[in-house]
Amino acid sequence: MATSQGGTTETCITLYQRYLADCLLLAEPVEAKMVKKNAGKYTLIDDMLFRHGYTHPALACISGDQCVRVMVELHEGICGSHIGG
């Protein structure tokens with residue numbers, strides 16, 4: 001869902017952040033309905049989006065360079081030598 005508008009990349013994260021912070025939705029009715037329906041699963045804390053639920057803790061929503069950094073750390077960093085399921 002990454003679309004470019006005016007040089008900025010729009011992701012699911014930005015859609016939910018914009019809705020939770022300013023109640024702004026997309027003009028496309030199907031995606032706007034989806035964001036409104038699922039917004040209760042997310043919360044903003046210091047302008048960072050977190051997904052929460054009853055059975056798991058708040059999970060930070062990340063994208064772009066943050067994803068790459070997390071994957072590199074998991075595969076080569078502190079967890080790199082862990083083998084097995």
Side-chain angles (χ1 to χ4, degrees):
M1 173 182 287
T3 59
S4 181
Q5 289 180 315
T8 61
T9 302
E10 182 126 335
T11 64
C12 293
I13 293 172
T14 56
L15 294 176
Y16 286 105
Q17 284 175 326
R18 192 178 307 132
Y19 179 69
L20 292 172
D22 302 321
C23 293
L24 296 175
L25 289 169
L26 292 175
E28 190 172 321
V30 174
E31 287 191 19
K33 185 177 180 180
M34 178 200 63
V35 170
K36 284 178 75 172
K37 178 183 172 188
N38 294 323
K41 299 175 185 174
Y42 297 92
T43 189
L44 278 177
I45 301 172
D46 293 331
D47 293 329
M48 275 195 66
L49 188 67
F50 291 87
R51 183 179 170 142
H52 55 81
Y54 296 111
T55 59
H56 57 79
L59 305 171
C61 298
I62 60 173
S63 67
D65 292 338
Q66 290 177 323
C67 289
V68 173
R69 192 182 76 222
V70 167
M71 292 302 291
V72 167
E73 180 63 30
L74 286 174
H75 289 280
E76 298 173 5
I78 196 167
C79 299
S81 62
H82 178 72
I83 300 173

How long is the gap from [atom1] on [X] to [atom2] on [Y], to the nearest 0.5 Å?
X: Asn38; Y: Arg51; atom1: CG; atom2: CZ; result: 7.5 Å
X: Cys12; Y: Glu31; atom1: SG; atom2: CD; result: 8.0 Å
X: His52; Y: Ile45; atom1: NE2; atom2: CD1; result: 8.5 Å

Heavy-atom closest contact ([X] atom, [Y] atom, distance):
X: Ala32; Y: Leu25; value: O-CD2, 3.8 Å
X: Ala39; Y: Leu20; value: O-CD2, 4.0 Å
X: Leu49; Y: Tyr42; value: CD1-CB, 3.8 Å

Hphob cluster co-occupancy, Val70 + Leu59, side-chain heavy atoms under 4.5 angstrom:
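In one cluster: no.
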Treat each ILVMFWY residue as a node, draw an edge where side-chain heavy atoms are under 4.5 Å apart, and state whether Phe50 and Tyr19 are in one component.
no
Answer yes or no: are there more than 12 heavy-atom neighbours, outside Met48 itself, under 6.0 Å from its atom CE?
yes
Any side-chain to backbone donor/acceptor pair from Gln17 onto Asp47? Under 3.5 Å, distance only.
yes
